[in-house]
2 protein chains.
Amino acid sequence: MPMIKLIEITEKSSPGCCSPNLAPRIGGDEVRTLSDDLGVLAHPIRLQILDMLAQRDGHVCVCDLEAALPVKQPTVSHHLKLLRAAGLIDCERRGLWVYYFLLRPALESLRTRLLAQFDALR
Amino acid sequence: MPMIKLIEITEKSSPGCCSPNLAPRIGGDEVRTLSDDLGVLAHPIRLQILDMLAQRDGHVCVCDLEAALPVKQPTVSHHLKLLRAAGLIDCERRGLWVYYFLLRPALESLRTRLLAQFDALR
DNA sequence: CAGATATATTGAAGAGTGTCAATATAGCAT
DNA sequence: ATGCTATATTGACACTCTTCAATATATCTG
């Protein structure tokens, strides 16, 4: 009796089309972190902010970014906050102005992780 | 009179903090395409699907993917559709089953574009 | 053709995201 | 202190994304 049940289950789980034991090689935490980081990059305004910070190596104040972007000041602040929370940029206050700058090591580390992922897809 | 107004405007647009002529080097279309592509990658299920397709080089049927993922069948179909719309994968029907596979050239091209972007951030 | 199975599509519900006006905060200048 | 300027935060709204049950479609089998 248990024999019959076992056979049924086995056939059900392998109906002739499947490669068994297929599983993603990237696990729960790792894949979550990676997709979160990709999500931070996946916005035109944020990509453009990173690009502008990369140009003016030192520091760029928010009013410059705002002037160069097609969104209003609170939206710029919002995206800056997300980039900062992701550890990709940081800022420093000088008088009235706040100057943002890239955290190049963090970007380098993200680049490395992304490349590793792409290489895993060969 | 116009002189005074001109001076006011000039001072307003350059209050002493700003680097003038700052603009993103990546334009509207290009940055939109890139962020869209990143958005497709920015999901754990989709990353895991790509990873599994990369493992079984040839073809993987949907039931295998479904068995290995923590979401139901319609959700798997949904993510497969997004990946296909992005040009990263394609599929082929064989009898009852549909086999999905990576489009490696597309992935390679995306990798190249991403790398170029990261290099631009130096 | 009728029944069975694999996958796709539809439609709805809930969560999350992007944007901005309004307001708050922080620092300078008078 | 008062006012002024740069940036941050809040709150609301619209929109998109993710997920799934239900249903539809496609294909095989008898």
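Convention: sequence-line order gives letters A, B, ...; per-chain numbering from 1. Model, not experiment: these values are computed from the prediction.
Other residues, nucleotides and ligands place more than 12 heavy atoms under 6.0 Å from the CZ atom of R94(B).
For residues 47-72 of chain B, the pairs satisfying ring pair (Phe, Tyr, Trp, His ring centres under 6.0 Å) are H59(B)-F101(B), with sequence neighbours left out. Applying the salt bridge (Lys or Arg N to Asp or Glu O under 4.0 Å) definition to pairs two or more places apart or across chains, those involving residues 66-85 of chain A are R84(A)-D90(A).
For the pair E66(B) CD and dT7(C) C1', the computed distance is 9 Å after rounding to whole Å. Computed from coordinates, the H79(B) NE2 to dT9(C) C1' distance equals 15 Å when rounded to whole Å. Put simply, OH on Y99(B) is 13 Å from C1' on dT27(D), counting in whole angstrom units. Straight-line distance from the CD atom of E92(A) to the C1' atom of dA6(D): 15 Å, rounded to whole Å. Between the C1' atom of dT7(C) and the NE2 atom of H59(B) lies a distance of 17 Å, rounded to the nearest Å. Rounded to whole Å, atom C1' of dA24(D) lies 13 Å from atom NZ of K81(B). The CG atom of L69(B) sits 15 Å away from the C1' atom of dT7(C) (whole-angstrom rounding).
R32(A) is listed as a side-chain neighbour of D36(A), based on a closest heavy-atom distance under 4.5 Å. In this structure, the side chains of S35(B) and I45(A) stay at 4.5 Å or more apart for every pair of heavy atoms. Here the side chains of Q48(B) and L69(B) are in contact, with some heavy-atom distance below 4.5 Å.
L38(A) and L114(A) get closest at one heavy-atom pair: CD2-CD2, 3.5 Å. Shown here for V98(A) and C91(A), the closest heavy-atom pair between the two residues is CG1-CB, 3.7 Å.
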Contacts under 3.5 Å, N or O only, protein and nucleotides 26-29 of chain C:
none

Distances for protein N or O near nucleotides 20-22 of chain C N or O, under 3.5 Å:
| from | atom 1 | to | atom 2 | distance (Å) |
| --- | --- | --- | --- | --- |
| dC20(C) | OP2 | K72(A) | N | 2.9 |
| dC20(C) | OP2 | T75(A) | OG1 | 3.0 |

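Listed by chain and number, the residues in a salt bridge (charged side-chain N to carboxylate O under 4.0 Å, His left out) with R56(A) amount to none (sequence neighbours excluded). Applying the side-chain hydrogen bond (donor to acceptor under 3.5 Å, both in side chains) criterion to R25(A), with sequence neighbours excluded, gives D51(B). In this view, D29(B) satisfies the salt bridge (charged side-chain N to carboxylate O under 4.0 Å, His left out) rule with no residue, not counting sequence neighbours. Under the ring-ring contact (aromatic ring centres under 6.0 Å, His included) criterion, H79(A) pairs with H43(A), sequence neighbours left out. Under the rule for a side-chain hydrogen bond (donor to acceptor under 3.5 Å, both in side chains), the partners of R113(A) that lie at least two apart in sequence or sit in another chain are D37(A).
Side-chain heavy-atom separations under 4.5 angstrom define the hydrophobic clusters, and the remaining members of the one that includes L115(B) are L115(A).
Side-chain N/O atoms of Y100(A) include none lying less than 4.0 angstrom from OP1 or OP2 on dA6(D).
Each of dT7(C), dT18(D), dA8(C) was ranked by its minimum atom distance to the side chain of L80(B); first place goes to dA8(C). Among the nucleotides dG18(C), dT18(D), dT7(C), the one closest to the side chain of V98(B) is dT7(C).
Less than 4.0 Å separates DNA chain D from no heavy atom of any residue of residues 21-28 of chain A. Contacts between residues 39-57 of chain B and DNA chain C, defined by a heavy-atom separation below 4.0 Å, involve no residue at all.
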